[in-house]
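Reading through the structure tokens given below for one structure.
A note on names: the letters A, B, ... follow the listed sequences, proteins ahead of strands, and every chain is numbered from 1.
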2 protein chains.
Amino acid sequence: MLNLHALRLFHHVAEQGSVTKAADQLNISQPAVTSQIKKLERELGLPLLSPLGRGILLTEAGKRLAAEAGRLFALERNIEQTIDDYIQGNAGRLLIAATYLPANFLLPASIAKYKQHYPNVEVQFTTTSSANAINLLLRYEADIAFIGGARQSHPSLDSKQWIEDEMWFVIHKNHRLASQETLLAEVIKEPIAFREKGSYSREQLLAMCQLHRLELPKVGLQLNGFSELIRVVSEGYGVAFLSALEAREEVERGDLRRIYVKDVRLTNPISLHQRKEALPAQARRFLDFVPAGL
Amino acid sequence: MLNLHALRLFHHVAEQGSVTKAADQLNISQPAVTSQIKKLERELGLPLLSPLGRGILLTEAGKRLAAEAGRLFALERNIEQTIDDYIQGNAGRLLIAATYLPANFLLPASIAKYKQHYPNVEVQFTTTSSANAINLLLRYEADIAFIGGARQSHPSLDSKQWIEDEMWFVIHKNHRLASQETLLAEVIKEPIAFREKGSYSREQLLAMCQLHRLELPKVGLQLNGFSELIRVVSEGYGVAFLSALEAREEVERGDLRRIYVKDVRLTNPISLHQRKEALPAQARRFLDFVPAGL
DNA sequence: AATAATTATATATTATATTTATAATTTAAT
DNA sequence: ATTAAATTATAAATATAATATATAATTATT
């Protein structure tokens with residue numbers, strides 16, 4: 001096990017060819033340098049310097065050791081550079097977890113812009129359930145998580161509201177309710193195309209019916225993804241209750257129309273989660289590319 | 001400038017996956033390790049470890065740093081090995097200086113044997129004047145010097161007598177004095193083939209004549225190398241006064257004959273010189289292959 | 001709930017590196 | 001030849017840093 005502190009001082013002495021100059025460069029006193037080099041010589045059992053006039057000369061062993069020390073401290077500088085790149089967020093990994101809504105409608109644009117600015121950062125983007133996103137954060141397998149719907153959280157995480165998306169009722173453009181104002185009681189007379197059990201939209205809608213003391217709507221269809229849902233409603237079957245983000249494109253294109261349900265105004269909260277410790281630079285930089293929350 | 005001490009402890013922690021095990025391995029207490037790692041985290045501004053149950057987990061930055069640290073400490077072991085080879089005398093350089101007599105008649109056999117045992121040592125063998133041999137020692141451009149003739153020396157060098165070679169008078173095999181006993185006074189009536197001015201044999205012979213209060217011999221021929229000298233005498237011209245080592249082969253072959261000069265018994269001392277500090281292992285090992293002095 | 005294992009923290013102690021002052025050596029200058 | 005300047009070496013005192021001890025806090029295991 002080499003004495004790397006003493007070796008560092010020796011490295012400077014070898015480079016400068018002088019104990020005094022090395023001490024100046026190191027901002028320590030000359031005797032401190034002499035003493036460390038004597039110590040290194042004792043530890044190695046090799047003479048490294050020999051006096052030459054007023055000054056010193058490297059012995060053969062000294063020259064060889066200096067060459068090796070040069071390699072070692074070059075590697076050290078290399079590592080420092082790597083660390084600095086990492087700290088600056090110019091290298092390393094960016095670990096993002098998200099649920100399907102932000103993963104599909106909000107983040108892709110941000111990730112693309114981020115990658116253009118930080119091409120050397122390896123981006124790992126995981127779409128998963130909100131519960132698993134939390135786990136990834138805790139296990140350091142994600143640095144930030146974007147979670148839509150239910151406000152999942154955890155005591156050792158920091159969470160904040162990010163975007164509040166409106167919930168929309170949508171229907172086929174030729175339906176009599178298309179673009180009409182009406183009430184929830186009217187809407188649930190129509191067959192409803194639902195997402196899977198436990199999904200935020202489904203739970204919210206059922207809760208709203210209970211609140212209004214209405215009969216629960218009949219589950220006309222149950223579908224697993226938002227695009228399947230939209231396709232079915234576009235084909236003319238029933239009403240869908242979903243995030244504006246999911247439906248906006250179809251509505252703007254005119255394939256679907258909203259129903260303006262006056263007595264229901266629900267939103268789908270999307271939140272941002274991270275560990276309590278300081279955010280890694282990669283994630284911090286990424287957030288610069290993410291549209292600000294409301 | 002990395003804190004290489006703390007980095008070393010961190011390296012062990014990363015390798016063991018445990019602060020406690022690393023402390024055991026390092027033979028220091030567990031809090032010493034924890035404290036150094038906290039210090040490193042502060043210095044780098046990066047979290048390296050995070051608690052995981054009872055135990056720790058490397059952060060992303062920790063994993064990256066551990067990989068870099070692995071490279072650095074592997075290089076350290078490499079250097080240690082190089083140093084050890086050097087200390088054992090299995091690598092490095094062997095720097096020998098010698099004057100022509102040991103360089104030609106004594107050392108070549110030793111160097112050959114040494115090289116067979118230590119093929120990885122670079123041998124540098126310089127034939128030069130005795131004064132320059134001393135300089136090479138002082139400038140660390142030689143580790144040992146074999147000097148024939150005048151007993152050169154220097155206060156900061158250790159010198160010791162090594163071999164005492166006899167001085168011989170030799171002459172052509174058909175000469176009337178060939179293999180005869182006689183006196184110096186008789187010999188110097190013959191023409192003498194001399195080496196260059198200042199050479200040991202020439203000075204010694206002239207001093208001997210003065211001591212015996214004889215007229216100085218006439219310089220029949222002056223030659224610069226011993227082989228030229230021998231060739232001339234072999235061809236039948238005059239008497240040569242030289243080291244037994246130089247003449248032995250020719251005498252044994254019968255081309256030359258000695259003259260046994262009863263009132264002159266001179267020797268050519270060959271001495272061994274080194275700096276006062278410990279001899280490098282390469283030179284120490286080499287001396288094992290050198291025939292012991294008288 | 002109790003125990004064992006592990007890391008974290010606080011304080012005291014020890015070890016180590018550094019400074020200050022000065023000596024010794026050598027070169028260069030007068 | 002003396003003197004002055006530059007450099008490294010040495011010794012003692014000081015400052016800094018690393019470590020040990022004791023204990024707390026956390027978590028997994030029984």
Review point. Should R77(A) and E80(A) count as an ion pair when the cut-off is N to O under 4.0 Å?
Key: no

Practice item. Kindly indicate whether the side chain of I270(A), heavy atoms from C-beta on, has any atom under 4.5 Å from the side chain of E164(A). Key: no

**Study point:** Minimum side-chain heavy-atom gap K160(A)-H273(A) below 4.5 Å
**Key:** no

Practice item. Using a cut-off of strictly less than 4.0 Å between a heavy atom of the residue and any atom of DNA chain C, enumerate the qualifying residues of residues 9-22 of chain B by number. Key: S18(B), V19(B), T20(B)

Point to revise | SB check R93(A) D143(A) (cutoff 4.0 Å) | key: no

Exercise for review: For the pair F286(A) and Y114(A), name the ring-plane relationship: parallel under 30°, tilted 30 to 60°, perpendicular over 60°.
Suggested key: perpendicular

Exercise for review: Please work out which residues in residues 27-34 of chain B have a non-hydrogen atom less than 4.0 Å from an atom of DNA chain C and list them by number.
Suggested key: Q30(B), P31(B), T34(B)

Nucleotides 11-15 of chain C: which of its N/O atoms have a protein N/O under 3.5 Å away?
none

Exercise for review: Encode nucleotides 23-30 of chain C as B, S and - characters from 5' to 3', where the letter depends on protein heavy atoms closer than 4.0 Å: B to the base, S only to sugar-phosphate, - to neither.
Suggested key: ---BBS--

**Study point:** Sidechain N-carboxylate O distance under 4.0 Å for D24(A), K21(A)
**Key:** no

Review point. Would you call E196(A) and R202(A) a salt bridge, using N to O less than 4.0 angstrom?
Key: no

Review point. Pairs in or reaching into residues 18-47 of chain B: which pass ring-ring contact (aromatic ring centres under 6.0 Å, His included), with residues at least two apart or in two chains?
Key: none

Revision key, fill the gap. Ordered by number, residues from residues 35-47 of chain A within less than 4.0 Å of DNA chain D (heavy atoms) are K38(A)

